[in-house]
Amino acid sequence: MAIIGLTGSIATGKSTVAKMFKAYDIPVIDADLIAREVVEPGETAFENIIKVFGEDLIDVNQQLNRKKLGQIVFSDKEKLEQLNQIVHPAIRERMIERKKELLEQGATTIVFDIPLLFEKNLTFLVEKTLVVYVDESIQLKRLMDRDQSSEEEALKRIQSQIPTKEKAKMADEVIDNSGTIDESRRQLEDILRKWNVI
């Protein structure tokens with residue numbers, strides 16, 4: 001059995017690699033998707049965010065206005081930390097529940113797709129770590145293109161995480177995602193063979 005921690009920084013192509021795991025019938029538990037689930041109305045984390053950050057974060061559909069919340073926390077480290085203290089325990093708990101369900105269903109390899117695997121010291125949740133890496137100039141361009149954000153906004157988001165180069169040094173294995181999708185797929189296949197997963 002292998003629990004693999006998949007990570008990378010924003011706009012490095014981690015989601016692309018996560019899809020590749022699914023092509024091998026390896027289930028992926030996505031921390032970002034779970035992060036959205038736990039802030040749905042009715043969830044404890046949603047109630048706590050509103051308590052701490054105010055009622056004006058509820059949009060016309062009674063959902064959390066994630067963009068507005070992002071603007072508050074990405075320019076204020078203390079507020080980001082407050083948000084993380086509300087959301088991260090809820091995400092962790094839900095991911096562990098999902099892992100348990102998958103193991104009961106007979107899964108032998110499970111991927112935890114966690115953007116902040118190293119930042120939040122969550123490596124204890126996994127057995128092996130895999131970083132998706134691209135050069136910072138590619139990362140910046142991809143993020144600006146993807147989100148139509150200014151260079152300043154994009155840099156702010158990139159700098160709120162550990163640099164991808166540092167993450168690569170901390171990982172058991174690295175996929176360099178600067179080239180084509182096929183090149184990345186071949187790298188993943190080599191790693192999975194090395195780990196006796198396929």
Side-chain angles (χ1 to χ4, degrees), residues 1-49 61-64 66 69 83-134 146 161-162 164 167-168 170-177 180-198:
M1 190 189 86
I3 308 295
I4 299 167
L6 172 66
T7 194
S9 295
I10 192 165
T12 55
K14 186 176 53 59
S15 304
T16 304
V17 174
K19 282 183 195 140
M20 292 176 193
F21 274 104
K22 292 174 190 169
Y24 289 104
D25 288 327
I26 298 170
V28 175
I29 300 172
D30 184 334
D32 279 347
L33 285 180
I34 289 179
R36 288 195 184 94
E37 279 176 28
V38 300
V39 296
E40 288 287 317
E43 296 273 356
T44 309
F46 174 86
E47 310 299 336
N48 290 337
I49 289 167
N61 302 313
Q62 298 304 301
Q63 299 285 319
L64 184 66
R66 295 166 62 84
L69 181 61
L83 178 66
N84 288 342
Q85 282 173 4
I86 295 169
V87 176
H88 287 163
I91 297 170
R92 252 196 321 273
E93 204 175 293
R94 186 77 47 97
M95 289 184 85
I96 291 165
E97 278 168 26
R98 292 275 155 84
K99 179 182 91 168
K100 200 169 156 241
E101 286 163 15
L102 286 165
L103 291 174
E104 282 165 6
Q105 289 160 22
T108 53
T109 302
I110 296 168
V111 174
F112 272 8
D113 177 347
I114 307 177
L116 299 175
L117 183 71
F118 295 119
E119 284 87 344
K120 295 294 157 198
N121 302 313
L122 297 174
T123 49
F124 70 92
L125 291 171
V126 301
E127 290 154 20
K128 296 182 183 304
T129 55
L130 175 59
V131 160
V132 182
Y133 168 86
V134 294
R146 190 188 81 184
Q161 300 180 334
I162 295 172
T164 312
K167 288 186 184 184
M170 298 155 104
D172 293 319
E173 293 289 344
V174 176
I175 289 178
D176 184 343
N177 197 33
T180 66
I181 285 182
D182 280 341
E183 285 166 350
S184 296
R185 191 179 286 113
R186 277 195 293 275
Q187 291 175 66
L188 176 62
E189 195 167 310
D190 290 345
I191 291 163
L192 294 179
R193 285 188 200 290
K194 187 175 166 185
W195 285 347
N196 297 316
V197 169
I198 57 169

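Computed over heavy atoms, backbone and side chain alike; hydrogens, waters and symmetry mates excluded.
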Close side-chain approach of L116 to L122, heavy-atom, < 4.5 Å | no
For I29 and M95, which heavy atoms make the closest approach, and how far apart are they?
-> O-CE, 3.5 Å
Give the intermediate values and the outcome of side-chain contact (heavy atoms from CB on, under 4.5 Å) for residues R186 and E183.
-> CA-CA 5 Å; R186 277 195 293 275; E183 285 166 350; 3.6 Å; yes
A35 versus I91, closest heavy-atom pair with distance | CB-CD1, 3.6 Å
Where do D190 and R193 land on the salt bridge (charged side-chain N to carboxylate O under 4.0 Å, His left out) test, with the steps shown first?
-> CA-CA 5 Å; D190 290 345; R193 285 188 200 290; 5.3 Å; no
State, yes or no, whether a side-chain contact exists between T164 and V134 at a heavy-atom distance under 4.5 Å.
-> no
So do the side chains of Y24 and V111 get within less than 4.5 Å of each other, counting heavy atoms only?
-> no
Worked check of side-chain contact (heavy atoms from CB on, under 4.5 Å) between L192 and F21 = CA-CA 9 Å; L192 294 179; F21 274 104; 3.6 Å; yes
Are side-chain heavy atoms of T123 and F118 found at a separation under 4.5 Å?
-> yes
Criterion side-chain contact (heavy atoms from CB on, under 4.5 Å) against T109, the qualifying member of I3, D25, I26 | I26
Side-chain donor/acceptor of Q62 to backbone N/O of P41, under 3.5 Å = no
Please report the shortest heavy-atom distance between R92 and F124, naming the atom on each side.
-> CD-CZ, 4.2 Å
d(R98 CZ, L33 CG) to nearest 0.5 Å is 9.0 Å
Given side-chain contact (heavy atoms from CB on, under 4.5 Å), test V131 with T12 step by step and report yes or no.
-> CA-CA 9 Å; V131 160; T12 55; over 6 Å; no
Is there a side-chain contact between M20 and I181 (heavy atoms, below 4.5 Å)?
-> yes
Over 12 non-hydrogen atoms of neighbours within 6.0 angstrom of CD in E93 | no
Residue pair K120 / N84: nearest heavy atoms and the distance that separates them | NZ-ND2, 3.5 Å
In Å, rounded to the nearest 0.5 Å, how long is the span from CD1 of I34 to CZ of R36?
-> 12.0 Å
Roughly how far apart are T7 OG1 and K167 NZ, rounded to 0.5 Å?
-> 4.5 Å
So do R94 and E97 actually touch side chain to side chain, heavy atoms under 4.5 Å?
-> yes
Distance col, row E119:CD vs I114:CD1, nearest 0.5 angstrom, shows 11.0 Å
How far apart are the C-alpha atoms of V39 and I49, what are their side-chain angles, what is the distance that settles it, and do they pass the side-chain contact (heavy atoms from CB on, under 4.5 Å) test?
-> CA-CA 8 Å; V39 296; I49 289 167; 3.5 Å; yes
Heavy-atom pair of closest approach, residues Y133 and A168 | CD1-CB, 4.4 Å
Do the non-hydrogen side-chain atoms of K99 and L125 ever get within less than 4.5 Å of each other?
-> no
Quick one: NZ on K128 to CD on E173, what's the gap to the nearest 0.5 Å?
-> 8.5 Å
Can you name the nearest heavy-atom pair linking Q187 to V174, along with the distance?
-> OE1-O, 4.0 Å
How long is the gap from CG on D32 to CG on D113, to the nearest 0.5 Å?
-> 6.5 Å
Would you say the side chain of L130 lies within less than 4.5 Å of the side chain of L188, judging by non-hydrogen atoms?
-> yes
